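Contents: one structure, followed by commentary.
Small disclaimer: the values here were computed from a predicted structure and weren't measured.
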2 protein chains.
Amino acid sequence: MSPGPKSLAMFEQLTAIQECSSVHFFVDYHNSIGNYIVDADGNRLLDCFSQIASLPLGYNHPAILSALSSPQNQSVMANRPALGVLPGTDWPDKLSFIMDKMKPRYSSALSDLWDITTMACGSTANENAFKAVFIKYMDDHRGGEPVSQEALNSAMLNKAPGCPHLGILSFSGAFHGRTFGCLATTRSKPIHKLDVPHFDWPMAPFPNLLYPLDQHVEENREEEARCLEEVRTLLKDSRAGLMTSTIAGMIIEPIQAEGGDNHASPEFFRSLRSMASEFKIGFIVDEVQTGLGATGKMWAHEHWGLGEGEAPDIVTFAKKAQIAGFFSKKEMRPREGYRIFNTWMGDPGKMLMLEAILKEYEKCDLIKNTSITGDYIKEGLMVLKKKHRKM
Amino acid sequence: MSPGPKSLAMFEQLTAIQECSSVHFFVDYHNSIGNYIVDADGNRLLDCFSQIASLPLGYNHPAILSALSSPQNQSVMANRPALGVLPGTDWPDKLSFIMDKMKPRYSSALSDLWDITTMACGSTANENAFKAVFIKYMDDHRGGEPVSQEALNSAMLNKAPGCPHLGILSFSGAFHGRTFGCLATTRSKPIHKLDVPHFDWPMAPFPNLLYPLDQHVEENREEEARCLEEVRTLLKDSRAGLMTSTIAGMIIEPIQAEGGDNHASPEFFRSLRSMASEFKIGFIVDEVQTGLGATGKMWAHEHWGLGEGEAPDIVTFAKKAQIAGFFSKKEMRPREGYRIFNTWMGDPGKMLMLEAILKEYEKCDLIKNTSITGDYIKEGLMVLKKKHRKM
């Protein structure tokens, strides 16, 4: 479908004030409903795109509209607070509610270990997750000794020892965002990275599996073993000082999205987790795209069957949650205030939406529904594949 | 004032799930009004803090509440779009309105040169301003030649030539945000930077002036000349390849806020602007804290008396605007789509608030009022200073 005349006229208007060649068409959000998006020219389309996977309940859902129209909530939105210094009286309850409904769960022993930090978007969630990992790494390094004056002085000049040469390991095909910290871990397409200075952080291969998975068990096991071996080599090289930056953490998506629909086995991820523990580095799971029920569980990494001591150190989220941020183990908490901090620290207005979304998930059993619908679509795709297989 | 018992109880609740030692007290936003903030225990305080300078009309302003309660606007908030691909039908008009009311103005010849790009917060505004500067710098370098395959390949590995060793020059005492790109230009306090890896970008001295300015004209002129000379030396060193990163742009606040209430003369800033042109690098003015009328003009840098050819290349904003982003000269526009891009590209819900704010500014002549009130407060402070001067 090409954009209609009204979309084209708006496109011309917008082109006068910004580069907007990425715009597909203009949307009549007032008249879009459920899974159907309506464009400026009145065309109604089935929306499988969901605003880059960030719209969990479809358009104009009554639960969201009702949350936004309550007068009590309007004063929350009208007075955007600096949450790190002046949170509202209902903020601790809101955060506790979110924790209760959506924190990652594996077994009772593992499920209560989490802090929550809120941010405005996926990139700032990941950037601050990296900062938490670096601060923890250097805290461990100091072993309780106070920060030296030399470190404080050199930090102001962007130099070691205050600004150490630490890095985050990421995987081929990964997408973790576009700000300068995130971008150094993003490995999906050159267009994101070209012309921009980058931290010289290392990359490991993400398994390149053969599908269908159940028909290639042996080859895929070998491919995953090869990737794990490369990760181990990088971690050993880092420990031996052979790299320009010492690896303080690794970040991975449970399913690669932007980099292609790339999967790996639960064993692969559990092995990475265990290697991170062995080398005493942070293990960050990026659930910005996969989280909030997209895989039939609240978090995709809940499919890994994690046991005692295997929980990630940090799990980041954004998109469908409307608000962004991360869950983190208690030991990732900085010793001082203002270290993971910014003006807004997220947005209580978006938290109202997340609250409504989570209640609706529960009321309509939507995560289970995703699982059922997912199976149905996959089955249909398999039938189509058989039917249209090349001879 | 110490926090009351209700704030203390909430503090305990919040401490269970996050590091929150930066929290001052908990706020009853529903009952706060105008300049008065009400805490959890019912204390009413005159608020001179304004949520880290981000609340332009005070608490529960009727114009904001009315914008948020209109049903048409609620569908804007309920359906947060990916603005870079699927903006709403009213988005071009909203952006045009914002441009009309708040784009920087100097003389008629200079005032129509701007593009606008929206983001979610001050840090992402600055990070993307840096990216725009780097992309422009490398576009100029290529001089119309296509991007080489070597550049595309090396970009995926975080290496030159795809990821060139470029940097942004910033000034001592500067604050430009806390994500990894911004943080490399922030120079206010070690606590922001400690333990975090940094780009090895250069720093120039911000003038350390003597106050009152009118009693130290000669010394201050010398101090500014010294700082300008250091900037020139850094730019020459960069051009000669003597630095680890080549300077592609500089960023400066018209008044340093976080780094202390530090001023410099219009001549100083105009000299920097001219040096940026001479060395063919981008000149970014960070108005995140100073913008939206705080200095008696819409933008603090409008006080510099800029003439033809002296407009900044980019002006960034956030805080009081609720939405963030930047204005930029047409020649800063990337040649390709998706280069300055992310999932949300700002938030139309916040744009509704900005629209209401700008209308209220105009209706009540609030920027002029800031100027009058500012003079009144300054005069009072001078009287207090004389009265309490050390003997």
Side-chain angles (χ1 to χ4, degrees), chain A residues 10 13-14 17-19 21-22 24 26-30 40 51-52 59-60 64-65 68-69 74-75 77-79 81-82 84-89 92 115-116 120-121 127 131 134-135 138 152 155 158 162-163 166 178-181 190 193-198 200 333-334 337-338 342-343, chain B residues 10 13-14 17-19 21-22 24 26-30 40 51-52 59-60 64-65 68-69 74-75 77-79 81-82 84-89 92 115-116 120-121 127 131 134-135 138 152 155 158 162-163 166 178-181 190 193-198 200 333-334 337-338 342-343:
Chain A
M10 287 171 186
Q13 189 189 352
L14 195 55
I17 52 174
Q18 63 180 218
E19 204 296 318
S21 60
S22 55
H24 295 183
F26 291 82
V27 181
D28 178 350
Y29 284 107
H30 199 63
Q51 307 295 331
I52 317 185
Y59 297 102
N60 290 303
I64 304 260
L65 287 170
L68 295 177
S69 62
Q74 277 169 23
S75 87
M77 292 183 284
N79 306 295
V85 284
L86 295 168
T89 48
D115 274 355
I116 184 167
C121 68
E127 295 257 328
K131 285 171 81 169
F134 292 134
I135 291 169
M138 293 309 290
L152 294 173
N158 296 8
C163 300
L166 299 177
R178 297 165 189 266
T179 46
F180 283 75
K193 297 167 74 75
L194 184 73
D195 299 338
V196 180
H198 274 61
D200 189 15
R333 188 185 286 206
Y338 290 108
N342 57 51
T343 296
Chain B
M10 286 170 185
Q13 188 188 350
L14 195 54
I17 51 175
Q18 62 180 219
E19 204 297 319
S21 60
S22 55
H24 296 183
F26 290 82
V27 181
D28 178 350
Y29 284 107
H30 199 63
Q51 307 295 332
I52 318 185
Y59 297 101
N60 289 304
I64 305 261
L65 288 170
L68 295 177
S69 62
Q74 276 168 24
S75 87
M77 293 182 284
N79 305 296
V85 283
L86 294 168
T89 50
D115 273 355
I116 185 168
C121 68
E127 295 257 329
K131 285 171 80 169
F134 292 133
I135 291 168
M138 294 309 289
L152 294 174
N158 296 8
C163 301
L166 299 177
R178 299 163 187 268
T179 44
F180 284 76
K193 297 166 75 77
L194 185 73
D195 299 339
V196 180
H198 274 62
D200 189 14
R333 189 185 285 205
Y338 290 106
N342 57 51
T343 296

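The candidate from A:Leu68, A:Asp28, A:Asp200 with the greatest count of non-hydrogen atom pairs under 4.5 Å with chain B is A:Leu68. The residue among A:Met138, A:Lys131, A:Glu127 with the most heavy atom pairs within less than 4.5 Å of chain B is A:Glu127. Chain B forms the most heavy-atom pairs under 4.5 Å with one residue out of A:Gly337, A:Pro197, A:Pro190, and that residue is A:Pro197. Note on B:Ile52, B:Asn342, B:Val85: by heavy-atom pairs under 4.5 Å with chain A, the leading option is B:Val85. Contact count against chain B (heavy-atom pairs under 4.5 Å) is highest for A:Pro92 among A:Ala120, A:Cys121, A:Pro92, A:Ala155. In terms of heavy-atom pairs under 4.5 angstrom with chain B, the leader among A:Ile64, A:Ile116, A:Leu65, A:Leu14 is A:Ile116. Residue with the most contacts toward chain A among B:Thr179, B:Leu166, B:Leu86, B:Leu152: B:Leu86 (heavy-atom pairs, distance under 4.5 Å). Considering only heavy-atom pairs separated by less than 4.5 Å from chain B, the leading option among A:Ala40, A:Ala78, A:Pro334 is A:Ala78.
In terms of modelled atom types and a separation under 3.5 Å, the side chain of A:Ser22 and the main chain of B:Gly84 share a donor-acceptor contact. Looking at A:Gln51, its side chain never comes within 3.5 Å of a backbone N or O of B:Pro81 through a donor-acceptor pair.
A:Asn79 is linked by a side chain to side chain contact (heavy atoms under 4.5 Å, CB included) to A:Ser75, B:Tyr29, B:Tyr59, B:Asn60, counting only residues two or more places apart in sequence or in another chain. By the side chain to side chain contact (heavy atoms under 4.5 Å, CB included) test, B:Asp115 pairs with B:Ser328, B:Lys330, B:Arg333, sequence neighbours left out.
Summarising the geometry, atom CD belonging to A:Gln18 is positioned 11.0 Å from atom CD belonging to A:Gln13; distances are rounded to the nearest 0.5 Å.
Taking 4.5 Å as the limit, some side-chain heavy atom of A:Val196 sits within range of a side-chain heavy atom of A:Phe180.
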